[in-house]
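A, B, ... follow the sequence lines: proteins, then strands. Residue 1 opens every chain.
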Number of protein chains: 4
Amino acid sequence: MLDNSLDFKEQMAEARRTQILMGAAQVFSEKGFHKATTKEVAKAAGVSEGTIYNYFSTKRDLLVAMVDQLGMNSLKNIFEDSPPQDPRQLLKAIIIDRMHLAAERGPMMAPLLAEIFNDVELRELLYDQVVIPASRHVEQYVRQQIDSGRFRQIDPVIVTRALMGTLVFNVGLKLSGVDDRYNDISFDSLAEQVVTLFLDGLLVDQS
Amino acid sequence: MLDNSLDFKEQMAEARRTQILMGAAQVFSEKGFHKATTKEVAKAAGVSEGTIYNYFSTKRDLLVAMVDQLGMNSLKNIFEDSPPQDPRQLLKAIIIDRMHLAAERGPMMAPLLAEIFNDVELRELLYDQVVIPASRHVEQYVRQQIDSGRFRQIDPVIVTRALMGTLVFNVGLKLSGVDDRYNDISFDSLAEQVVTLFLDGLLVDQS
Amino acid sequence: MLDNSLDFKEQMAEARRTQILMGAAQVFSEKGFHKATTKEVAKAAGVSEGTIYNYFSTKRDLLVAMVDQLGMNSLKNIFEDSPPQDPRQLLKAIIIDRMHLAAERGPMMAPLLAEIFNDVELRELLYDQVVIPASRHVEQYVRQQIDSGRFRQIDPVIVTRALMGTLVFNVGLKLSGVDDRYNDISFDSLAEQVVTLFLDGLLVDQS
Amino acid sequence: MLDNSLDFKEQMAEARRTQILMGAAQVFSEKGFHKATTKEVAKAAGVSEGTIYNYFSTKRDLLVAMVDQLGMNSLKNIFEDSPPQDPRQLLKAIIIDRMHLAAERGPMMAPLLAEIFNDVELRELLYDQVVIPASRHVEQYVRQQIDSGRFRQIDPVIVTRALMGTLVFNVGLKLSGVDDRYNDISFDSLAEQVVTLFLDGLLVDQS
DNA sequence: CATGAATGAGAATTCATTCAT
DNA sequence: CATGAATGAATTCTCATTCAT
């Protein structure tokens with residue numbers, strides 16, 4: 001019973017943290033971190049301003065906490081649950097997964113991405129907690145393929161960052177709607193073309 | 001004489017604008033747009049706070065004006081002055097050029113990039129003034145190569161954004177120093193590997 | 001039995017009040033009344049914040065309650081238990097007693113003293129409850145000595161306040177350590193010199 | 001002309017500082033340092049809140065600045081302008097001078113005195129800047145009289161602090177009105193009796 | 001009665017912007 | 001045009017107090 005009540009309290013506290021974080025993510029994504037006020041966050045989260053500070057010691061702490069939330073989305077599932085043998089299928093599965101993630105967590109990530117240009121500590125945190133874990137499996141896979149002679153000798157780190165950049169720019173531009181031309185490109189088609197680009201390259205075999 | 005004095009005045013005004021913009025760029029890159037104060041900008045530019053407002057109506061206007069400054073760096077030179085015929089050489093030349101640009105203008109661009117996540121208007125402005133012009137030539141080139149059957153049918157828009165993302169991520173990570181592994185990769189080697197990735201793809205020809 | 005249980009309850013309540021008051025005294029003396037938080041008081045007292053408000057209706061009430069606690073330290077003992085006949089011995093006994101009190105209760109009094117400069121009500125309370133009772137016996141004694149021709153005609157009120165001020169300043173300065181020169185003056189020597197000053201004055205008899 | 005304009009600016013700034021300090025002194029003395037808000041200080045000083053921070057970096061800084069203002073009131077004048085030879089006259093002159101000071105600067109000192117119980121740094125500052133300078137001349141005088149055999153051997157430091165305490169308590173109590181009995185004692189009579197107490201002591205010569 | 005999470009009214013401080021000189 | 005003192009709205013964070021459990 002003591003244990004239960006302890007658990008209960010902890011669960012309540014954890015729920016509150018999440019509740020506040022959701023409100024913060026919403027407001028931050030609408031107005032940006034700096035223009036969002038703690039009052040707005042409180043309102044969006046359905047709590048009072050003071051309550052925010054019972055769970056986070058600083059407005060910036062909300063950003064840091066978001067990093068942790070994002071860190072959980074590695075690609076473990078894809079690689080553990082019988083990954084496709086065909087590189088083409090595997091790469092497409094990864095890209096589709098990242099696209100879904102972008103659509104879901106995009107609003108949460110945008111204000112975070114903005115701050116990493118200014119906040120060194122946050123940048124390192126995001127890199128260590130999110131980028132590294134998310135790219136680990138892909139890196140390993142690329143390295144294996146290189147070692148077995150199926151992939152060219154291109155540094156797996158460069159490859160994974162290239163893939164990330166490619167997706168962030170293309171998916172981000174499509175989602176943000178700044179370039180009309182993306183309206184004619186479906187997510188699936190985009191994924192297909194990125195797969196081709198990365199596996200086959202631009203050059204047509206002249207053999 | 002009237003014309004002359006007008007010209008003179010205009011030149012002075014233009015010089016002042018640039019002077020202020022340089023100060024702003026410096027301070028913004030050091031502290032980020034929001035944490036930089038107009039007082040600091042004034043000091044860095046060597047003018048008084050009031051003077052800033054004689055040339056820009058708003059702190060945010062400084063950001064907008066920076067976009068124009070950046071818009072001038074298209075790749076026109078490379079494509080106009082006898083571009084290399086070999087795609088490999090051409091792509092590498094482009095990448096090296098962009099790397100130099102990143103090293104030079106990176107600090108000026110960082111705070112700008114940060115804001116496009118929050119500021120819709122700025123995002124569109126930057127896209128129209130900088131991204132579109134900078135990618136126009138590459139897009140055209142890719143399209144030509146596709147039409148002539150030398151490049152695979154991958155949407156030139158996707159390709160150019162992929163290249164941008166690839167460069168921003170890889171060069172940005174190398175410059176910011178968050179990942180030690182980039183210390184062992186020279187800019188030239190990075191460029192070479194990106195060329196290979198984009199032209200040949202990862203897959204080794206099994207023919 | 002009803003009486004007993006009531007007594008028991010009352011004793012418990014009284015104990016709690018004291019417990020809280022001790023915690024408050026400790027925290028107030030460390031950080032001052034205004035900078036001390038009720039949370040800190042609660043922690044120091046070993047109770048929850050809410051419990052404080054079951055016994056005191058206001059943070060300020062804690063200060064008021066402290067005044068009562070201090071009011072008990074009149075000089076009754078010295079004057080009731082066969083007071084020394086020699087004024088010199090009596091005065092020294094009083095001074096030594098007050099010095100001990102200062103060393104013990106000083107930390108508790110400091111935040112209280114600070115507030116009397118701002119809080120009129122508290123000032124009057126402290127004066128009525130502590131200063132008046134503590135000086136009553138001395139005042140009476142001085143008046144008797146004047147009436148009997150042994151002391152000069154100096155208003156006993158002035159004399160007692162002079163003695164208080166003299167002790168507060170000298171002992172306070174010695175205890176707080178702001179003036180190194182007090183390190184070379186023992187409490188006993190300080191008491192002796194104050195006795196001489198008050199009984200004989202500065203002037204050497206020129207007779 | 002350049003010099004003049006510089007002087008002018010400096011004078012303006014100094015005037016503003018004083019203006020703000022006067023407002024602060026007024027509000028602090030009415031409500032106490034902690035309960036006084038910067039908004040109230042601004043209003044009392046006739047400036048905006050922001051202006052306060054153009055001249056003082058912190059609310060507490062206002063207190064520190066007050067210490068400096070008070071430091072100027074040493075007793076130099078009395079000791080330099082043909083001091084009375086008779087100790088009785090000299091001591092009375094000093095006491096009357098301090099009484100005037102208390103009446104004038106009392107409101108400014110009260111909130112300061114309150115804070116020295118909590119704020120170590122302020123305590124030391126006030127002691128070094130105000131107490132030490134104000135008591136220097138008296139200390140020297142007492143020491144001389146002791147050396148020449150006219151005063152008893154009582155540590156001059158103890159004597160001056162005793163005098164201070166005596167005056168602060170008696171004058172403070174008279175000014176604050178907490179004890180009705182001070183209504184029947186004029187400032188002059190109070191001064192006379194303190195002189196007698198300090199020079200002749202309480203004991204009537206039994207010779 | 002005990003608890004401590006929730007509250008929200010402030011409070012100190014900052015800073016973009018204005019404007020008199 | 002240049003200046004920089006003045007402004008005051010806005011913001012983050014604190015903390016005494018309440019109240020449901």
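Dashed line: the shortest gap from a side-chain N or O of Y53(D) to OP1 or OP2 of dT14(E) is not under 4.0 Å. Contact between the side-chain N/O atoms of N54(B) and the OP1/OP2 oxygens of dA2(F) is found at a separation under 4.0 Å. Between T38(A) and dT11(F), a side-chain N or O to OP1/OP2 separation shorter than 4.0 Å is absent.
By the side chain to side chain donor-acceptor pair (under 3.5 Å) test, E121(A) is found to be paired with R60(A), residues two or more places apart in sequence or in another chain being considered.
We find that CD of Q19(B) is positioned 9 Å from P of dA2(F), with the value rounded to whole Å.
For T51(B), whose side chain is taken as the heavy atoms from C-beta onward, the closest listed nucleotide among dG8(F), dC15(E), dA2(F) is dA2(F). With dA12(E), dC1(F), dT17(F) as the candidates, the nucleotide lying closest to the side chain of R16(B) is dC1(F). Listed nucleotides: dA16(F), dT3(F), dT17(E). Nearest to the side chain of V47(B): dT3(F). Of the candidate nucleotides dT17(F), dG4(F), dG8(F), dG4(F) has the atom lying nearest to any side-chain atom of E49(B).
The line from OG1 of T18(B) to CD of Q69(B) is 5.5 Å long, rounded to the nearest 0.5 Å.
Comparing S48(D) and K35(A) against DNA chain F, the residue whose closest nucleotide sits nearer the 5' end is S48(D).
Note on ring orientation: taking the six-membered ring where Trp is involved, the planes of H34(D) and H34(C) are parallel (angle under 30°, cut-offs 30° and 60°).
Other residues, nucleotides and ligands contribute more than 12 heavy atoms inside 6.0 Å of the CE atom of M108(B).
For DNA chain F, the stems formed by at least three consecutive Watson-Crick or G-U pairs, with both atom-pair distances below 3.5 Å, span E:2-21 with F:2-21.
Only T58(A), K59(A), listed by number, bring a heavy atom of residues 55-68 of chain A to less than 4.0 angstrom from any atom of DNA chain F.
A side chain to side chain contact (heavy atoms under 4.5 Å, CB included) with R16(C) is found for one member of L21(C), V47(C), I52(C) and no other, namely V47(C).
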